[in-house]
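Here is the structure we will look at, set down as structure tokens.
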Amino acid sequence: MPISRAPKDKLFSLVEDPVRLLKLAADNKNLKVGKQIHAHVVVTDKVSSHSNLVQTNSLINLYEKCGRLSVARQLFDSMRLRNVVSWSSLMAGYLHEGLALEVLGLFKSMVSADYNRPNEFVLTTVLSSCSDSVRVEEGKQCHGYVLKSGLVFHQHVKNALVHMYLRCSDVKGAMRVFSTVPGYDVFSYNSVLDGLLEEGHLKEATEVLRLIMREDVVWDSVTYVTVFGLSSSLRILRLGLQVHCRMLKTDIESDAFVNSAIMDMYGKCGKLVNAVNIFEHLRNRTVVSWTTIMAAYFQNGYFEEAFNLFVKMKLEDVSPNEYTFAVLLNSSASLSALRRGALLHACADKSGFKDHVIVGNALINMYAKSGNIEAANEVFSDIQYRNAVTWNVMISGYSHHGLGKKALHVFQDMLTAGDHPNYITFVAVLSACAHLGLVQQGFDYLNRVMKQFGIEPGVEHYTCIVGLLSRAGLLDEAKNYMSSVSVKWDVIAWRTLLDACFLHRNYGLGKRVAEIVVQMDPNDVGTYLLLSNMYAKARRWDGVVKIRKLMRERNIEKEPGDNSHPESRQIYKKVAELLAKIKLLGYVPDITAVLHDVEDEQKEDFLSYHSEKLAIAYGLMKTPSEAPIRVIKNLRMCDDCHTAVKLISKLTNRIVELWHRVYLSHHGETRAEVLENKCPAGLPF
DNA sequence: GTAGGGTTAG
């Protein structure tokens, strides 16, 4: 066995084979060595024209891989004879440089020159360029060529074709190719799953997942990340757990991506503990791990904890990125923590993340939810990049602030700018119509405009219509609408109707609706109180007693207020002091706001336990004398509090803003809608 | 001698 000669042979053939050397240099992106070989080739130029062609192709490949596209182009232009490899190598260079349109141009000249039939290499590169530049028309032309030439059966080409359709949001086109052309590999599964997820087609994604489970494909880490992502989007913990088990059994390396995907899945499926457990066992935490766990805290309602983690993260010397800022801004939005949000704004500005679209969106959202719609609009006007979310937060911001006209203006601007509205956009637009009482226009958006943009109305849109009708005082119409539309109405829809019944003092219908709401959500204290309040207003004391009994049976406690605050004694003292002072200004306690089965002499005390009075007292105790006080409530304020707040504002010379927040839950997100914005009565006198 | 998917956090 001539073993001893083998290495020498190999070395010899390498020296004699500049093409192989060039490939080595290209693969390792070693420009220096590559140039030396190039020089050697030029000096010893004694080869046939065919091997000259191959050598030049190799050189194009070398320079393209090393980021020297102009040199590659010069070589290409100087060639007397080119073949398909010359074209595809140059095209790959343009694709890698992000010049997708140049690739399409090259492809056109190649086809029209007609002496080189494009092969699978060319088509994958060209299709990728269509994907990158989102050119569905050119992509479809390629599809035609690919079908005629039979290249569609090539796995790489098929994958690139499917990916092109997904990138161009043509899910139907993608699925057609995916399921009619035989042949799958882990790449095609990953790409189609990821694309469907990106486009929000969860049903199709689930079907593809079923295929993957059935077929005998070896999952790679991308598959795991994508399937965890699917579990998160669907909020199916069982699926997530199953996939996690599978992963642990097949001991695939769990890199930073996989770990973040698992934490994200547990966070979104409500298993914060599991996410935290993984986080605490991570050896090296990147900014992504930190941001993912902060987002998990945020999604589960632990907003303060998200901030505490930010402090810890900085102690470990990890710098925040744009996503970190977005999560923190959303946390402060949920707390309506305007000052903290403004501080984060300054930080994001200083660290250069202000111009990222997600940060801009989070800033607009934060200012809008913290009550400063002017600041929200300022960020919106100055923003560099906009996407659908940008428009949506601004439209819903205006809408929640009761500025329906401005909301609809922004929507018009969105259409003029050529941006496509989505599902959420129309929720915001319809709620703006509700604020403005534009019944006809609301129906027009629902029935005509949404169809025009190919958006199927969902329960949230129908709920907006219920709000639209009932806010306009058309309560019976709203009720009839609910029975005529066959959609699964949730508690929010009924709650919308209920609030309107109360507002329009239609206690008859209100009571019937409230009974439904109580049945759907037996633990919501607010409904019981509203119901008993309505019975009281209708002077139906038997009803009040019934509700009170029901609450006692179901162990639902409300009054008196919560004493858990460490300073509750001082707060109550402050309330008493304020009430005594405003009595001198003409305040008469309205004891009809108190439940009937309380002794008369206690009623006045109970009034002072109402949370908005406690909150204002606490605000006065803790803030500088010129600071405005913002109170955010989940329930509508009672008449007594409304009167009292007006007088307290006058007495203390403070701006007091009262907000009503309703949490609407859809797709697991939490949005806040301010129904009662800056009650005119609460503004400075 | 040339080619594909590219993940997490709003």
Side-chain angles (χ1 to χ4, degrees), chain A residues 17-20 22-23 26-27 50-51 53-62 64-65 83-93 95-96 118-128 131 151 154-164 166-167 185-195 197-198 220-229 232 255-265 267-268 286-296 298-299 320-331 333 356-363 365-366 387 389-390 392-393 669:
Chain A
D17 190 353
V19 168
R20 279 180 70 186
L22 283 170
K23 180 176 161 50
D27 287 348
H50 174 72
S51 53
L53 171 68
V54 174
Q55 266 177 21
T56 315
N57 286 346
S58 304
L59 283 167
I60 292 174
N61 181 41
L62 166 79
E64 172 267 300
K65 289 264 161 59
N83 70 0
V84 66
V85 180
S86 330
W87 287 94
S88 68
S89 302
L90 187 68
M91 285 175 179
L95 178 65
H96 296 151
N119 64 2
E120 64 272 27
F121 289 88
V122 174
L123 262 302
T124 41
T125 310
V126 174
L127 280 165
S128 283
S131 304
L151 287 173
H154 195 285
Q155 193 63 53
H156 285 193
V157 176
K158 182 192 165 186
N159 291 351
L161 187 59
V162 171
H163 183 240
M164 181 278 295
L166 287 169
R167 264 304 302 271
D185 61 6
V186 71
F187 279 140
S188 59
Y189 282 124
N190 289 348
S191 106
V192 82
L193 252 189
D194 178 60
L197 223 54
E198 190 94 334
D220 67 0
S221 64
V222 179
T223 323
Y224 279 102
V225 170
T226 318
V227 179
F228 281 127
S232 307
D255 56 16
F257 284 121
V258 175
N259 281 323
S260 296
I262 298 171
M263 289 195 289
D264 178 57
M265 179 274 292
K268 291 218 173 92
T286 63
V287 60
V288 180
S289 344
W290 283 98
T291 310
T292 307
I293 196 72
M294 279 161 61
F298 163 73
Q299 284 144 4
N321 67 11
E322 66 272 29
Y323 288 97
T324 323
F325 277 110
V327 172
L328 291 171
L329 283 165
N330 287 327
S331 295
H356 283 86
V357 67
I358 56 165
V359 176
N361 295 348
L363 279 169
N365 181 45
M366 181 276 296
N387 61 16
V389 180
T390 320
N392 291 353
V393 286
E669 276 173 52

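Below, chain A is the first sequence line, B the second, and so on; all start at residue 1.
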Starting from [atom2] on [N], measure out to [atom1] on [X] and report it in whole angstrom.
X: A/L197; N: B/dG6; atom1: CG; atom2: P; result: 13 Å
X: A/M91; N: B/dG4; atom1: CE; atom2: P; result: 13 Å
X: A/E120; N: B/dA3; atom1: CD; atom2: P; result: 12 Å
X: A/R167; N: B/dG4; atom1: CZ; atom2: C1'; result: 15 Å
X: A/L59; N: B/dT2; atom1: CG; atom2: C1'; result: 14 Å
X: A/F257; N: B/dG5; atom1: CZ; atom2: P; result: 16 Å
X: A/I262; N: B/dA9; atom1: CD1; atom2: C1'; result: 15 Å
X: A/H96; N: B/dG6; atom1: NE2; atom2: C1'; result: 13 Å

- Query: Do A/L53 and A/V85 have side-chain heavy atoms sitting under 4.5 Å apart?
  - Reply: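 Result no, sub-4.5 Å side-chain heavy-atom pair not found.
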side-chain N/O [X] vs [N] OP1/OP2, d < 4.0 Å:
X: A/Q299; N: B/dG10; value: yes
X: A/H156; N: B/dG5; value: no
X: A/S128; N: B/dG5; value: yes
X: A/K158; N: B/dA3; value: no
X: A/K23; N: B/dT2; value: yes

- Message: A/T125 vs A/S128, test: side-chain hydrogen bond (donor to acceptor under 3.5 Å, both in side chains). Steps then yes/no.
- Response: CA-CA 5 Å; A/T125 310; A/S128 283; over 6 Å; no
Does the side chain of [X] pick up a donor-acceptor pair with the side chain of [Y] at under 3.5 Å?
X: A/T223; Y: A/D220; answer: yes
X: A/N387; Y: A/T390; answer: yes
X: A/H96; Y: A/E64; answer: yes

Looking across every strand, which nucleic acid part, if any, lies under 4.0 Å from [X] by heavy atom: base, sugar-phosphate, or nothing?
X: A/V327; value: sugar-phosphate
X: A/A362; value: nothing
X: A/T226; value: nothing
X: A/N159; value: base
X: A/N365; value: nothing
X: A/V389; value: base
X: A/Q155; value: base
X: A/N259; value: nothing
X: A/N387; value: base
X: A/N61; value: sugar-phosphate

[X] side-chain proximity, nearest of [options]:
X: A/N330; options: B/dG10, B/dA3, B/dA9; value: B/dG10
X: A/D264; options: B/dG6, B/dA9, B/dA3; value: B/dA9
X: A/T291; options: B/dG4, B/dA3, B/dA9; value: B/dA9
X: A/A92; options: B/dA3, B/dG5, B/dG10; value: B/dA3
X: A/Y323; options: B/dG10, B/dA9, B/dT2; value: B/dA9

So, under a plain 3.5 Å distance rule, would you say the side chain of [X] forms a donor-acceptor pair with the base of [N]?
X: A/D194; N: B/dG6; value: no
X: A/S88; N: B/dT2; value: yes
X: A/D220; N: B/dG5; value: yes

- Item | Steps toward side chain to side chain contact (heavy atoms under 4.5 Å, CB included) verdict (A/N321, A/T291) | CA-CA 9 Å; A/N321 67 11; A/T291 310; 4.2 Å; yes
- Going by ring centres under 5.5 Å and near-parallel planes (under 30°), is A/F187 stacked on B/dG5? no
- Query: In a check of side-chain contact (heavy atoms from CB on, under 4.5 Å) between A/N190 and each of A/N159, A/V222, A/D185, which one passes?
  - Reply: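 When A/N159, A/V222, A/D185 are each tested with A/N190, the side-chain contact (heavy atoms from CB on, under 4.5 Å) holds only for A/V222.
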